[in-house]
Amino acid sequence: MSELAKQPVPATTPGVDAPTWPDGFARRYRAAGHWRGETFGGMLRERAAAHPDRIALVDPAPARRTWTYRELDERADRLAAGFTARGIAKGDRVVVQLPNIGEFAEVVFALFRIGALPVYALPAHRETEIGHFCSLTEAVAYVIPDRHAGFDHRDLATRIAARTPSLRHVFVAGDPGEHTALADVPCDPAEPLAGPEPHELAFLQLSGGTTGVPKLIPRTHDDYLYSLRGSNEICGVDADTRFLVVLPAAHNFPMSSPGWLGALYAGGTAVLCPRPDPETAFPLIGRERITMTGLVPPLALVWTEAGPATDSDLSSLELVLVGGAKYSAEAARRLTPALGCRLMQVFGMAEGLVNYTRLDDDEETVHTTQGRPISPDDEVRIVDDAGHDVPEGGTGHLLTRGPYTIRGYWRAPGHNATAFTEDGFYRTGDLVRRTATGHLVVEGRAKDQINRGGEKIAPEEVENVLLAHPSVHDVSVVAVPDEYLGERSLAYVILRAGAEPLKPVAVKRFVRERGLAAYKVPDLVEFVTAFPQTGIGKTSKKGLRSAAAPAEQH
Ligand code: AMP
Ligand code: DBH
């Protein structure tokens, strides 16, 4: 181990999209049985052979549709053949922006079969984010719904296609307008596809990020499938599990902790929930006999409030996972009595490391900690500002390395140089302490990020947009405490000398019109004449945050 730890990590070399695990580590993870040489395409094929008629997927709205394992497998093959016929090949990137509908699983398994990489956009993303994903990845195709949540994705796709030379196809689930209907793509498979190798990339996941543009996270078949297997074991996912996908299916948490992919891995059933509110989800839990789901803390609060009064039958629900942002012990204590099921806290990141409380942990541990890592080979270090290990039990920066934690972002060598240590640990930006039982407690955050109820905002991205406003001289976006969301965003704006006065609403509109996802639009806007400064004259975000705190009290 100590010898391995000393091995240098290869820097990103030209032509290589991201650093990967050094050979010694890869060998060790294989020898330990973590990486088993499976692929997603192969996994689905095996499940379909083992239990063809079991239900894999349910899309309940508007008319209930189901997919058996055999049907999902066949759909993936036919769609893969259709994509191939349209020139989509192994290694190509395809931006997938679909809500919680059955086509999501069909599309990504078709791409897995080809070895093309889905790039998971969230339904909330707009022109700025999608444009960035498409150009950075040189995407050849973009998959969208026709309309979702009142927004016409086809118009957005037209604008994106016009500015992205690599983009050859827009596929639409539903009415295609000027684009191609996804329903017209499937065809009979011609010849078997070579497909990807288990150590190759399966997809690009999104990071909440701290920089001006979101980073892409390259995950391999081997590493992600290990995180699913580990998660399933911890959460007790098996063929009887009926998992409700409440959060956006593209997000790492509902996808893999243990998520809809975990449910499929175990031969269980994933049920797609069109909206997260109790009015939608509770009747679905009753009708579909849901056993497990995952929620962010604000949603867990809403469900906890609504649980006792509901007419719906929640008796099938066994386990609710809560994570994505800090869940208070007070709120955690109330969940089980309100919903009649067990609670598990989960602290994870799309970059890799996922921690869970365990089913045999005592109540206090489940209520007051964010769990411990999936794998015995997850290495966790807690260090001070100088990078030295803090004394056991002390709070410090969480660094991690392991069999399902990336060694670098995709095509981001500059950022990788600071986001990872020289020996390959990912700097999570989270401040944690470890209890005597090895559980982690999230105490805060050192990275410049806002966690808006589990939705991550990189202030720099919003600041860059606002700096383009002709009346804005400078801007600083910070988190302010919020009882419900945990945090909200506040934009402090310094106007240009002599500029027309602006209203907060105009500032918000500007961000929206610039094509950022709605959750990134500042919740609050305040005009100031100067920012507090740090010792060396940089804007002090700490100073701004503490200036904001008292204002919240009235
Ligand atoms: P991302 O890198 O966008 O996948 O977001 C992962 C980040 O979400 C972590 O680094 C934490 O900052 C935050 N996070 C996730 N789960 C929890 C949790 N249970 N408690 C506190 N913060 C969390
Ligand atoms: O916030 C996250 O990114 C997250 C939370 C819980 C995550 O990626 C996960 C579990 O896998």
Side-chain angles (χ1 to χ4, degrees), residues 99-100 120-125 129 149 205-210 214-215 217 231 243-260 273 275-278 280-281 292-305 320-332 335 339 343-357 369-371 398 428-432 440-445 447-459 461-462 477-489 516-523:
N100 293 1
Y120 295 129
L122 295 171
H125 286 141
E129 292 98 353
Q205 182 57 277
L206 296 188
S207 155
T210 54
K215 295 287 175 288
I217 298 169
S231 297
F243 187 90
L244 188 66
V245 188
V246 173
L247 302 171
H251 190 277
N252 198 59
F253 173 18
M255 182 176 289
S256 67
S257 298
W260 59 274
C273 194
R275 279 179 308 280
D277 50 274
T280 307
M292 198 181 291
T293 192
L295 306 173
V296 287
L299 198 53
L301 277 178
V302 173
W303 282 36
T304 299
E305 291 297 325
V320 171
L321 293 109
V322 179
K326 184 72 185 258
Y327 192 38
S328 78
E330 279 316 303
L335 184 130
L339 298 178
L343 165 70
M344 189 182 274
Q345 290 208 47
V346 51
F347 160 41
M349 51 208 75
E351 286 82 355
L353 180 72
V354 181
N355 304 275
Y356 296 98
T357 59
T369 81
Q370 280 65 59
L398 170 63
T428 66
D430 294 311
L431 298 173
V432 304
L440 300 180
V441 178
V442 180
E443 295 286 9
R445 197 173 51 226
K447 57 189 165 190
D448 192 14
Q449 188 180 71
I450 299 166
N451 191 331
R452 194 177 182 279
E455 288 183 309
K456 319 302 187 309
I457 303 167
E461 190 183 12
V462 184
V477 176
V478 299
V480 291
D482 181 80
E483 210 179 310
Y484 169 58
L485 290 170
E487 293 177 2
R488 288 194 292 171
S489 63
L516 274 198
Y519 66 85
K520 297 178 187 171
V521 174
D523 295 296

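None of the values given here were measured: they were computed from a predicted structure.
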Which pair of heavy atoms, one from A325 and one from G453, lies closest together, and at what distance? CB-C, 4.3 Å

Residues in salt bridge (Lys or Arg N to Asp or Glu O under 4.0 Å) with E483, at least two apart? none

Is the closest side-chain heavy-atom distance between L335 and W303 below 4.5 Å? no

Who are the side-chain hydrogen bond (donor to acceptor under 3.5 Å, both in side chains) partners of S207, not counting sequence neighbours? E351

Passes side chain to side chain contact (heavy atoms under 4.5 Å, CB included), L440 versus T369? Steps please. CA-CA 6 Å; L440 300 180; T369 81; over 6 Å; no

Here the pair of heavy atoms bringing V322 nearest to A300 is CG2-CB, 3.9 Å

To the closest 0.5 Å, what do you measure between CG (L321) and CG (L295)? 8.5 Å

Shortest non-hydrogen contact between S489 and V477, atoms and distance: CB-CG1, 4.3 Å

Can you tell if the side chain of F347 reaches within under 4.5 Å of the side chain of V354, non-hydrogen atoms only? no

Could you walk me through whether V432 and Q370 pass the side chain to side chain contact (heavy atoms under 4.5 Å, CB included) test, one step at a time? CA-CA 10 Å; V432 304; Q370 280 65 59; over 6 Å; no

State whether the side chain of T280 and the backbone N or O of P276 hold a donor-acceptor pair below 3.5 Å, judged by distance alone. no

To check you understand the geometry: which heavy-atom pair defines the closest contact between N252 and A350, and what is its length? ND2-CA, 3.5 Å

Please confirm whether the backbone N or O of F243 pairs with a side-chain atom of W260, one donor and one acceptor, at under 3.5 Å? no

Less than 4.0 Å between a side-chain N and a carboxylate O, is that true for D523 and R452? yes

Backbone of Q449 reached by a side-chain donor or acceptor of K456 within 3.5 Å: no

Strictly distance-based, threshold 3.5 Å: is any side-chain N or O of S328 a donor or acceptor partner for the main-chain N or O of A331? yes

Any donor-acceptor N/O pair, T210 side chain to A458 backbone, under 3.5 Å: no

Hey, could you give me the CD/CG distance between E455 and L485, rounded to the nearest 0.5 Å? 8.5 Å

Would you indicate whether the side-chain heavy atoms of V246 and P254 approach each other to under 4.5 Å? no

For R445, is there any backbone N or O sitting under 3.5 Å from a side-chain donor or acceptor partner on K447? no

Restricting to salt bridge (Lys or Arg N to Asp or Glu O under 4.0 Å), what partner residues turn up for K215, sequence neighbours left out? none

Do the side chains of L431 and L398 get nearer than 4.5 Å, heavy atoms only? no

My understanding is that only one of I457, D482, V478, I450 makes a side-chain contact (heavy atoms from CB on, under 4.5 Å) with R488; could you say which? D482

Donor-acceptor pair, E487 side chain versus N451 backbone, under 3.5 Å? yes

Using a strict 4.0 Å threshold on nitrogen-to-oxygen distance, state whether E129 and K520 make a salt bridge. yes

Approximate separation, where rounding is to 0.5 Å, of Y120 OH and M255 CE: 4.0 Å

Under a 3.5 Å distance rule, please check whether Q205 uses its side chain to pair with a backbone N or O of A250 as donor and acceptor. yes

Let's go through Y519 and H125 carefully: what are the C-alpha distance in whole Å and the side-chain angles of both, what is the deciding distance for side chain to side chain contact (heavy atoms under 4.5 Å, CB included) to 0.1 Å, and is it a yes or a no? CA-CA 9 Å; Y519 66 85; H125 286 141; 3.4 Å; yes

Are the side chain of N100 and the backbone of C273 linked by a donor-acceptor contact shorter than 3.5 Å? yes

Dump the intermediate steps for side chain to side chain contact (heavy atoms under 4.5 Å, CB included) on V302 and D277, then the final yes or no. CA-CA 8 Å; V302 173; D277 50 274; over 6 Å; no

Heavy-atom pair with the smallest gap, counting every atom of P214 and E461: CD-OE2, 3.7 Å

Counting C-beta onward and ignoring hydrogens, is there a side-chain heavy-atom pair between S231 and V346 closer than 4.5 Å? no

